[in-house]
Each structure stands twice: as C-alpha cells, then as structure tokens.
Visitor: 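Got a structure here, written out as structure tokens. Questions coming.
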Amino acid sequence: MLRAVRQAKQPASLASWHVRRISGYAPEGPPAFVFDIDGVLIQGGTVLPEAKKALAKLYSHNGEKPKYPVCFLTNGGGVTEQQKAEQLSEWLDVAVGVDQVVLSHTPYRELAKELGDKPVVISGRGADKVAKAYGFTRAVTTSQLSAAYPTAVPFCHDPGLTPEGHPIPAMSDPSCGTEAAPFQAVLVFSDPVDWYRDLQLITDVVMSGGVMGRREPPSRAQPTPLYFSNPDVIYANEFPAPRFGQGCFAAALSAVYAAVNNNPIPAFKVFGKPHPEPYRLMEGLLLQQARLIGLDLPKAGGKLPFGAVYAVGDNPASDIAGARAAGTSALMLCSPLCSNIAVFDQWCV
C-alpha cells in the first residue's frame, strides 16, 4: 500500500511525508485498511496503475483471502453492495466480499426497517433496484412519478420513457402519493440524471406533505423527511476538472425550495462521508473480518482493537475530514479535488 501512495500523482515530498508517518507507527494490534474507490482505485472506468499492486500486498498470494481487514468505503452508489463487490473483484484481481463494502446509501438499509412498507419517493441512478434489495416495497422513482403526472414536469423530453426510449414501468401501487397514502419520505440514492425533473418533483412532495398536487400540507402536519446519501459537492472522473456531485444537487434543491417557499427545507438528513454513519458501519465490518481471518485481537477496553486504521482517499472534505473525525490515519492521493500543496497541508498535516 505504501508503494501505491508513493507512486500516485503527487509531489514526491508529500509522498515521503506519508511514508515516514506510516513506517514510524508501532501498533499494538493488527492494522486495518479502508479505501475510497473513485479517484483512488479507479478513475472513471479505468483501474489506476498501482491499485492492483496495493491490494495484492494486503491479500494472500492467490488473492482469495485478505491478510488484514480491508474495507471499501465510498460515497458512490447506484448499485447494490453485492454488485459493487463483484465489480471490485473483477477490477482489482482479488476476492472482495459484500461484507467489505460500504456505499453512500448503505445506511438506508436501517431506514428500511421503519419505511420499508410505506410509500416513499426515490431518486438517482439504480435507485429502484437498490431500494428493492433493501426492503422498500412501496418505493416510487421520480421517473415513475413523472410518467404518472406528466403535467407536473412539462419540460421533460418524454416523461413516460427512459433515456433509452423504453416505457417506464407504472407504479405498482397507484395510491402512493395520494391523500390515502401520502409519501412518507424522499430518499436520494445517487446522483440524479434529470435535475429539472427531480428538483420539481421532490419540491412538490416536500412542500405538499407527500401528496402530489396538494398546494400545502394540513396545519400541524409533519414535514416530509428528505434524505441525501452523499454530501460531495464535486468528484473526479476522466475529465480534467472536477464534476458536480450529489452535494451540488442538494444545494440546488435547497435554493429552489427556499425561492419558491420563502423558507428553508424543513427536514433533511445527509449520510455519506464525512458523516459518522458510514464509519460506524465500516468499524463493524472490519471487526467481523478480523475474526473471520483469525487475527489475534488485543483486549481494547471498548476501543477498536487495531493498532491503526489507515483510510486512503482523494477528497479532503469527505475522505480526509471524515477519517480524521473517526480517529483513523488519513492518507490522501492527489487528484483534481486537491491539486495544490496548500490545500493538502490544510487537511492532512
């Protein structure tokens, strides 16, 4: 892993600072490792050159079993944890299990315990399949909502068709979003593709108290909760400059809602790094792996029994800030998200 950090696209002086810090550490228990994915292991659809070498050092010679607890913690999403594990296994030539993956929307599995049988609106690429896997049985996508209420989104190209030109499946329960069955929450699973459509429809749902077409909710009605899975304002792909992330969509939605309603959005919750929920999930997975591997864990008196947890990321505002808040050692690879030494020093020194 040290080689991967050292050979990433960053100044040699910064890389050597990381090597000194790691080699001087004297852990009492075994180490554990946490990797961001986009910008650290892959960029766009391309596996970064040192990613395979880095993971090979942490796995057995045949890549079937990790030597140390390894977790992949990302603010990406739009697929299930099983699908992401299979992708990572193919990309990195090591066996990655579903119990090693935390996606931005993984905390939504807990929400499904409360909201699974209630009408909810879901937004983002792949949200329908992920929501179904999590146990949301009455989830309605924004594309389904636009097909059911085409006059609500008059500037959509064709609200009844997918971008590929296929008919959008009808809502399985047409009562969802009516007075009989108001939407109980809005969950943004991943970056929305059609911002106009989703800004309009989510604003409609939140402002109306969950009933499509209702101008305002009844007095004393509880606001419709709104959940975002990823606060990242920008992210890196093959394009040389950063691209808008889900955090930008959230900012746009907040601005639109305030402009239309003269008040801020009343109730919303943000998951994803740097917030604590994914790190708590990560800690549980690392402990589970350590036991499966058969590592000798010291008695830690309520603390994590690892000498250190090394978290590797490329986004200072999410990967590095979140890792530091969780008490892990943060290693940053330079990317378009952090392209100068001043910003690097602000977050990592």
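Here the structure is a predicted model, which means the values were calculated and not measured.
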Visitor: Is Gln246 reaching over with its side chain to a backbone N or O of Ser229, donor-acceptor style, under 3.5 angstrom?
Guide: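 Looks like yes, one N/O pair under 3.5 Å.
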Visitor: If you round to the nearest 0.5 Å, how far is CE of Met207 from CZ of Arg215?
Guide: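 It is 9.0 Å, given to the nearest 0.5 Å.
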Visitor: State the NZ-CG distance between Lys273 and Asn230, to the nearest 0.5 angstrom.
Guide: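 If I round to the nearest 0.5 Å, the distance is 9.0 Å.
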Visitor: Could you check whether any side-chain N or O of Asn75 sits under 3.5 Å from a backbone N or O of Gly272, counting only pairs where one atom can act as donor and the other as acceptor?
Guide: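 Side chain of Asn75 to backbone of Gly272: no pair is present.
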Visitor: Are Pro107 and Leu281 side-chain neighbours, meaning at least one heavy-atom pair lies under 4.5 Å?
Guide: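 The answer is yes, as the side chains (C-beta and beyond) meet within the 4.5 Å cut-off.
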Visitor: Just wondering, more than 12 heavy atoms not from Asn62 lying within 6.0 Å of its CG?
Guide: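 Yes.
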Visitor: Working to the nearest 0.5 angstrom, can you tell me the gap between Ile202 CD1 and Phe249 CZ?
Guide: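 One finds 4.0 Å between CD1 of Ile202 and CZ of Phe249.
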Visitor: What are the two closest heavy atoms between Leu285 and Val101, and how far apart are they?
Guide: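 So the two residues come closest at CD1-O, 3.9 Å.
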Visitor: Could you check whether atom OH of Tyr149 has more than 12 heavy atoms from other residues, nucleotides or ligands sitting under 6.0 Å from it?
Guide: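 More than 12 within 6.0 Å, yes.
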Visitor: Determine whether a donor-acceptor pair (N or O, by modelled atom type, separation under 3.5 Å) exists between the side chain of Tyr279 and the backbone of Ala323.
Guide: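 Answer holds: yes.
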Visitor: Are any of the side-chain heavy atoms of Gln100 and Leu88 separated by less than 4.5 Å?
Guide: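 Answer no - side chains too far apart.
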Visitor: How far does CZ of Arg197 sit from CG of Leu145, to the nearest 0.5 angstrom?
Guide: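 So the CZ of Arg197 and the CG of Leu145 are separated by 9.5 Å.
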Visitor: Would Thr137 and Asp173 satisfy side chain to side chain contact (heavy atoms under 4.5 Å, CB included), going step by step from the backbone distance to the final call?
Guide: CA-CA 10 Å; Thr137 60; Asp173 182 356; over 6 Å; no
Visitor: Minimum heavy-atom separation for Pro154 and Tyr196, please, with both atom names.
Guide: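 Reported closest heavy-atom pair: CD-OH, 3.2 Å.
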Visitor: Could you check whether the rings of Phe189 and Tyr108 sit parallel, tilted or perpendicular, using 30° and 60° as the cut-offs?
Guide: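 Ring orientation of Phe189 relative to Tyr108: perpendicular.
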Visitor: Output the distance between atom NZ (Lys65) and atom CG (Leu292), rounded to the nearest 0.5 Å.
Guide: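 Spacing of NZ (Lys65) from CG (Leu292) equals 8.5 Å.
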Visitor: Count I, L, V, M, F, W, Y as connected when their side-chain heavy atoms are under 4.5 Å apart, and connections chain through other members. Are Val186 and Val120 then in the same cluster?
Guide: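 Different clusters.
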Visitor: Run the ring-centre check on Phe306 versus Tyr68 and record whether the distance is less than 6.0 Å.
Guide: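 They do not qualify: ring centres at least 6.0 Å apart.
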Visitor: Could you report the tightest heavy-atom contact between Phe183 and Thr224, atom names first, then the distance?
Guide: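 Reported closest heavy-atom pair: O-CG2, 3.9 Å.
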Visitor: For a 4.5 angstrom cut-off between non-hydrogen side-chain atoms, does Ile265 reach Ser254?
Guide: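 Touching, per the 4.5 Å side-chain cut-off.
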Visitor: State plainly whether one hydrophobic cluster holds both Leu253 and Val206, where clusters connect Ile, Leu, Val, Met, Phe, Trp and Tyr through side-chain heavy atoms under 4.5 angstrom apart.
Guide: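 Result: yes, single cluster for both.
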Visitor: Would you call Val40 and Leu48 a side-chain contact if the rule is heavy atoms closer than 4.5 Å?
Guide: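 The answer is no, as the side chains (C-beta and beyond) never meet within the 4.5 Å cut-off.
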Visitor: Does Pro169 offer a backbone N or O that forms a donor-acceptor pair with the side chain of Gln144 under 3.5 Å?
Guide: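 Yes: the side chain of Gln144 pairs with the backbone of Pro169.
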Visitor: Can you hop from Leu297 to Val309 via hydrophobic side chains spaced under 4.5 Å?
Guide: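 Yes; tracing contacts between hydrophobic side chains, which count when under 4.5 Å, links both residues.
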Visitor: Which class fits the ring pair Tyr134 and Phe136: parallel under 30°, tilted 30 to 60°, perpendicular over 60°?
Guide: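 Ring orientation of Tyr134 relative to Phe136: tilted.
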Visitor: Quick one: does Met212's side chain get under 4.5 Å of Val205's, heavy atoms only?
Guide: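 Yes, their side chains come closer than 4.5 Å.
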Visitor: For a 4.5 angstrom cut-off between non-hydrogen side-chain atoms, does Leu92 reach Phe72?
Guide: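 A side-chain contact exists here, since the closest heavy-atom pair is under 4.5 Å.
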Visitor: Where do Trp91 and Ile42 land on the side chain to side chain contact (heavy atoms under 4.5 Å, CB included) test, with the steps shown first?
Guide: CA-CA 8 Å; Trp91 291 337; Ile42 66 167; 3.5 Å; yes
Visitor: Say whether Thr141 and Asp128, considering side chains only, have a donor N or O and an acceptor N or O under 3.5 Å apart.
Guide: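 No, Asp128 and Thr141 have no side-chain donor paired with an acceptor closer than 3.5 Å.
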Visitor: How long is the gap from CD on Glu283 to SG on Cys71, to the nearest 0.5 Å?
Guide: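 Between Glu283 CD and Cys71 SG, I get 10.5 Å after rounding to 0.5 Å.
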Visitor: Would a distance-only check, ignoring hydrogens and angles, find a side-chain to backbone donor-acceptor pair under 3.5 Å from Ser123 to Pro192?
Guide: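 No: the side chain of Ser123 does not pair with the backbone of Pro192.
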Visitor: Judged by modelled atom types alone, do Gln87 and Gln83 share a side-chain donor-acceptor pair under 3.5 Å?
Guide: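 The answer is no; no qualifying pair exists.
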Visitor: Taking side-chain contact (heavy atoms from CB on, under 4.5 Å) as the criterion, tell me which of Val130, Thr74, Leu73 meets it with Leu103.
Guide: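 Only one of Val130, Thr74, Leu73 forms a side-chain contact (heavy atoms from CB on, under 4.5 Å) with Leu103, namely Thr74.
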Visitor: Evaluate whether atom NZ of Lys67 has more than 12 neighbouring non-hydrogen atoms of other residues, nucleotides or ligands under 6.0 angstrom away.
Guide: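 Result for NZ/Lys67: enclosed.
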Visitor: For Arg280, is there an ion pair with Glu110 - N to carboxylate O distance below 4.0 angstrom?
Guide: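 Salt bridge flag = no for Arg280 with Glu110.
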Visitor: Locate the shortest heavy-atom distance separating Pro223 from Pro266; write the atom from each residue and the value.
Guide: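 For Pro223 versus Pro266, the nearest heavy atoms are CB-CG, 3.6 Å.
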Visitor: Where is the tightest heavy-atom contact between Pro30 and Pro305, given as atom of each residue plus distance?
Guide: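 Closest approach of Pro30 to Pro305: CD-O, 3.8 Å.
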Visitor: If you group Ile, Leu, Val, Met, Phe, Trp and Tyr by side-chain heavy-atom gaps below 4.5 Å, do Val270 and Leu111 land in one group?
Guide: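 No.
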Visitor: Would you call Arg214 and Glu179 a side-chain contact if the rule is heavy atoms closer than 4.5 Å?
Guide: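 Yes; the side chains approach each other to less than 4.5 Å.
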Visitor: Does a sphere of radius 6.0 Å around CZ in Phe268 hold more than 12 heavy atoms from other residues, nucleotides or ligands, not counting ones at 6.0 Å or beyond?
Guide: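 Not buried by this count: 12 neighbours or fewer within 6.0 Å.
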Visitor: Is there a side-chain contact between Cys248 and Trp195 (heavy atoms, below 4.5 Å)?
Guide: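 Yes - at least one pair of side-chain heavy atoms lies under 4.5 Å apart.
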Visitor: Can you name the closest pair of heavy atoms from His275 and Pro278 and give their distance?
Guide: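 Reported closest heavy-atom pair: O-CD, 3.2 Å.
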Visitor: If we ignore hydrogens and angles and just use 3.5 Å, is the side chain of Ser89 paired with the main-chain N or O of Ala95 as donor and acceptor?
Guide: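 The answer is no, because no donor-acceptor pair under 3.5 Å joins these two groups.
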Visitor: Can you hop from Val211 to Val140 via hydrophobic side chains spaced under 4.5 Å?
Guide: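 Val211 and Val140: separate clusters.
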Visitor: State whether the side chain of Gln289 and the backbone N or O of Val70 hold a donor-acceptor pair below 3.5 Å, judged by distance alone.
Guide: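 Here the side-chain-to-backbone pair exists.
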Visitor: Taking only Lys NZ, Arg NE, NH1 and NH2, and the carboxylate oxygens of Asp or Glu, determine whether Arg125 and Asp191 approach each other closer than 4.0 Å.
Guide: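 Looking at Arg125 and Asp191, the cut-off is not met.
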